[in-house]
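Structure first, then comments.
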2 protein chains.
Amino acid sequence: MRIGELARRTGVTERALRYYEEQNLLKPARLPSGYRDYAPSDAEAVRHIRSLLAAGLPSHLIAELLPCMVDTGDGLMPGCRSMLEPLEAERDRLTAAIEELTAARELLTALIDRTPEDDSEYDAWVAAHAVA
Amino acid sequence: MRIGELARRTGVTERALRYYEEQNLLKPARLPSGYRDYAPSDAEAVRHIRSLLAAGLPSHLIAELLPCMVDTGDGLMPGCRSMLEPLEAERDRLTAAIEELTAARELLTALIDRTPEDDSEYDAWVAAHAVA
DNA sequence: CTAAACCTTGACGTCGACGTGAGGGTCAAG
DNA sequence: CTTGACCCTCACGTCGACGTCAAGGTTTAG
């Protein structure tokens with residue numbers, strides 16, 4: 001399939017897909033016209049890429065990681081065990097990031113939930129604590 | 001306290017603290033010398049700022065939010081109910097972001113956990129599926 | 001054949017949260 | 001007085017993941 005269709009299927013822009021190739025995340029074949037020719041499996045690859053990019057993994061790491069995932073689905077391909085260390089580092093970074101985001105959400109949630117529908121409660125509070 | 005000490009207490013750089021002031025997140029007093037003079041409570045404010053920034057909230061929103069939090073601790077100050085909508089939007093965005101990060105971590109965790117200690121398992125698999 | 005739709009490769013622009021000097025005051029110790 | 005630590009205000013640099021033209025070739029429908 002050509003770039004436009006992959007873009008439609010995955011919901012990412014063509015620019016992003018070209019960028020992914022530039023970063024060696026995808027290596028589409030080429031038609032005689034020079035047009036990119038993506039394999040159907042690239043749609044799934046794009047989903048993985050988006051997920052890992054959204055998680056903040058650097059693209060060069062994703063580039064190393066993807067060929068380790070093909071075929072097997074789970075578990076790294078042989079010869080990829082050198083990836084274990086950086087992968088564990090990223091996993092730990094993600095854990096920390098998730099905790100940070102969760103803490104921030106708790107903060108917002110507390111603010112939202114504890115804010116009264118109108119100012120009546122606050123007005124009462126002010127009245128009760130007035131300096132008289 | 002002056003900028004250097006606040007930086008040490010909070011672990012953020014002086015540059016960041018000046019940037020926060022530029023973005024109206026902090027409004028330190030000034031000593032006659034022109035030096036910034038932070039209140040002790042600013043240390044706590046900086047922690048909130050860091051948390052919300054790490055969560056991806058735009059600084060102008062944080063700038064609106066902070067004065068709504070002073071004194072009360074929980075619940076918005078009166079006259080801040082106009083913040084509820086954007087706050088709920090951010091909370092929902094955070095929920096989505098946390099899910100994305102969690103999914104990415106699951107992916108990494110699966111890869112890590114399912115990768116054998118050495119190639120023996122894989123070698124066995126290859127042998128078993130050899131084309132003979 | 002022509003127009004519309006689709007594709008190509010550059011290459012510069014963007015945005016946010018700072019980093020990193022440059023050039024110069026302020027202040028306490030010796 | 002001088003040195004060093006500390007502080008100030010510009011103001012340009014950075015980095016990643018694209019956005020957004022510009023100036024073309026290619027393919028397809030009519």
Side-chain angles (χ1 to χ4, degrees), chain A residues 1-39 42 45-66 86 90 93-94 97 100-101 104, chain B residues 1-39 42 45-66 86 90 93-94 97 100-101 104:
Chain A
M1 94 189 70
R2 296 184 306 188
I3 199 170
E5 188 175 346
L6 183 59
R8 261 166 274 142
R9 287 198 194 179
T10 59
V12 312
T13 65
E14 302 181 4
R15 177 67 176 90
L17 292 175
R18 295 194 186 99
Y19 176 73
Y20 295 159
E21 180 181 13
E22 191 181 312
Q23 301 297 310
N24 300 309
L25 303 182
L26 292 175
K27 282 150 198 163
R30 294 293 181 141
L31 297 172
S33 57
Y35 288 10
R36 289 171 179 81
D37 185 24
Y38 292 94
D42 283 337
V46 167
R47 275 181 268 280
H48 283 150
I49 292 171
R50 298 288 296 182
S51 175
L52 295 173
L53 277 181
L57 271 78
S59 56
H60 76 266
L61 185 59
I62 302 178
E64 293 183 84
L65 183 55
L66 285 181
E90 290 297 332
R93 197 181 52 71
L94 278 184
E100 268 193 293
L101 290 197
Chain B
M1 95 190 69
R2 295 183 308 187
I3 199 170
E5 188 175 346
L6 183 59
R8 260 167 275 142
R9 287 197 194 179
T10 59
V12 312
T13 66
E14 301 181 6
R15 178 65 176 93
L17 293 175
R18 295 195 186 98
Y19 175 74
Y20 296 160
E21 180 181 13
E22 190 182 314
Q23 301 297 309
N24 301 308
L25 303 182
L26 292 176
K27 282 151 199 160
R30 293 291 182 140
L31 297 172
S33 57
Y35 289 9
R36 290 171 179 81
D37 185 24
Y38 293 93
D42 284 337
V46 166
R47 274 182 269 279
H48 283 151
I49 291 171
R50 297 289 295 180
S51 175
L52 295 174
L53 277 181
L57 272 79
S59 56
H60 70 83
L61 185 59
I62 302 178
E64 293 182 85
L65 183 55
L66 287 180
E90 289 299 332
R93 196 182 55 70
L94 278 184
E100 269 194 291
L101 291 197

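Naming convention: chains lettered A, B, ... in sequence-line order (proteins, then strands); numbering from 1 in each chain. Values below: every heavy atom of this structure, side chains too, minus hydrogens, waters and symmetry copies.
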Rounded distance in Å - [atom1] ([X]) to [atom2] ([N]):
| X | N | atom1 | atom2 | result |
| --- | --- | --- | --- | --- |
| B:N24 | C:dG16 | CG | C1' | 16 Å |
| B:L26 | C:dA17 | CG | P | 14 Å |
| B:L52 | C:dG16 | CG | C1' | 16 Å |
| A:I49 | D:dA17 | CD1 | C1' | 13 Å |
| A:R50 | D:dG16 | CZ | C1' | 13 Å |
| A:R30 | D:dT26 | CZ | C1' | 14 Å |
| A:M1 | D:dT27 | CE | P | 19 Å |
| A:L31 | D:dT26 | CG | C1' | 11 Å |

Would you say [X] and [Y] make side-chain contact, with heavy atoms under 4.5 Å?
| X | Y | answer |
| --- | --- | --- |
| B:L17 | B:Y38 | yes |
| A:Y20 | A:D42 | no |
| A:P58 | A:E90 | yes |
| B:I49 | B:L66 | yes |

- Task: Would you mind classifying the nucleic acid contact of A:I3 as base, sugar-phosphate or nothing, using non-hydrogen atoms under 4.0 angstrom?
- Result: sugar-phosphate
- Under a 4.0 Å heavy-atom cut-off, which of residues 8-22 of chain A touch DNA chain C? A:E14, A:R15, A:R18
- Item | Rounded distance (nearest 0.5 Å) linking atom CZ of A:R50 with atom OG1 of A:T10 | 8.0 Å
- Query: Are the charged groups of B:R2 and B:E5 less than 4.0 angstrom apart, N to O?
  - Reply: no
- Considering only C:dT8, C:dA17, D:dC18, which nucleotide approaches the side chain of B:L53 most closely? C:dA17
- Task: State which of D:dT27, D:dC7, C:dA17 makes the closest approach to the side chain of B:Y35.
- Result: D:dC7
- Ignoring backbone atoms, establish whether A:S59 has a side-chain N or O less than 4.0 Å from OP1 or OP2 of D:dA17. yes
- Pick the nucleotide of DNA chain C nearest each of B:S33 and B:L57; which residue has the one closer to the 5' end? B:L57
- Residue among A:E22, A:E21, A:E14 satisfying salt bridge (Lys or Arg N to Asp or Glu O under 4.0 Å) with A:R18: A:E14
